[in-house]
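Comments concern the structure below.
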Amino acid sequence: MSVVFVPERLRGKAEVNPETLQRLLEENDQLIRCIVEYQNKGRATECVQYQHILHRNLIYLATIADATPASVQKTD
């Protein structure tokens, strides 16, 4: 199950820390690999569920980025 999934009653109360973000990025990497593998095998319909999870994860990351003040964001 995606690390982004949080029950309704807990939404907005979770701490966002670097470990959680790293796990989410690693999950996205695995999702992309699964999607590519299914597409290469001609099984595009099977990858739809993974695309939905990936989309949800990306929206979550974008929301965090938008909510993070510019002075807190790292620039490497």
Side-chain angles (χ1 to χ4, degrees):
M1 180 172 295
S2 177
V3 294
V4 173
F5 177 77
V6 178
E8 187 70 39
R9 69 186 190 294
L10 298 176
R11 290 185 187 175
K13 299 178 184 175
E15 291 284 328
V16 178
N17 58 49
E19 293 81 20
T20 301
L21 293 177
Q22 185 60 43
R23 281 188 11 224
L24 187 57
L25 292 172
E26 290 169 2
E27 180 181 357
N28 287 351
D29 178 65
Q30 186 61 36
L31 288 167
I32 291 168
R33 291 174 191 273
C34 287
I35 291 166
V36 169
E37 183 178 333
Y38 277 126
Q39 287 178 338
N40 287 341
K41 292 180 179 180
R43 299 169 52 188
T45 55
E46 283 91 345
C47 71
V48 171
Q49 66 182 352
Y50 298 114
Q51 290 172 331
H52 285 287
I53 296 168
L54 178 62
H55 180 262
R56 182 177 62 201
N57 289 357
L58 293 173
I59 295 299
Y60 179 72
L61 288 171
T63 302
I64 292 170
D66 287 345
T68 303
S71 61
V72 176
Q73 293 180 357
K74 290 183 181 180
T75 54
D76 292 330

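One is the number of the first residue; the rest follow in order along the sequence.
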Whether the Asp66 and Thr63 side chains hold a donor-acceptor pair (N or O, under 3.5 Å, no angle test) is what I'd like checked. no
Taking a hydrophobic cluster as the set of Ile, Leu, Val, Met, Phe, Trp and Tyr residues connected by side-chain heavy atoms closer than 4.5 Å, whether directly or through intermediates, do Leu24 and Ile59 fall within one such cluster? no
Calculate, to the nearest 0.5 Å, the distance between atoms NE2 and CG belonging to His55 and Leu31 respectively. 13.0 Å
Can you tell if the side chain of Leu54 reaches within under 4.5 Å of the side chain of Gln51, non-hydrogen atoms only? no
Could you measure the distance from the CD atom of Gln39 to the OG1 atom of Thr45? Nearest 0.5 Å is fine. 11.0 Å
Looking at CG of Asp29 and CD of Glu27, how far apart are the two atoms once the value is rounded to the nearest 0.5 Å? 10.5 Å
Flag the pair Lys41 and Glu37 as a salt bridge only when some basic side-chain nitrogen lies within less than 4.0 angstrom of an acidic carboxylate oxygen. yes
Establish whether Ile64 and Leu25 are linked, either directly or via other cluster members, by ILVMFWY side-chain heavy-atom contacts under 4.5 Å. yes
Say whether Glu26 and Gln30, considering side chains only, have a donor N or O and an acceptor N or O under 3.5 Å apart. no
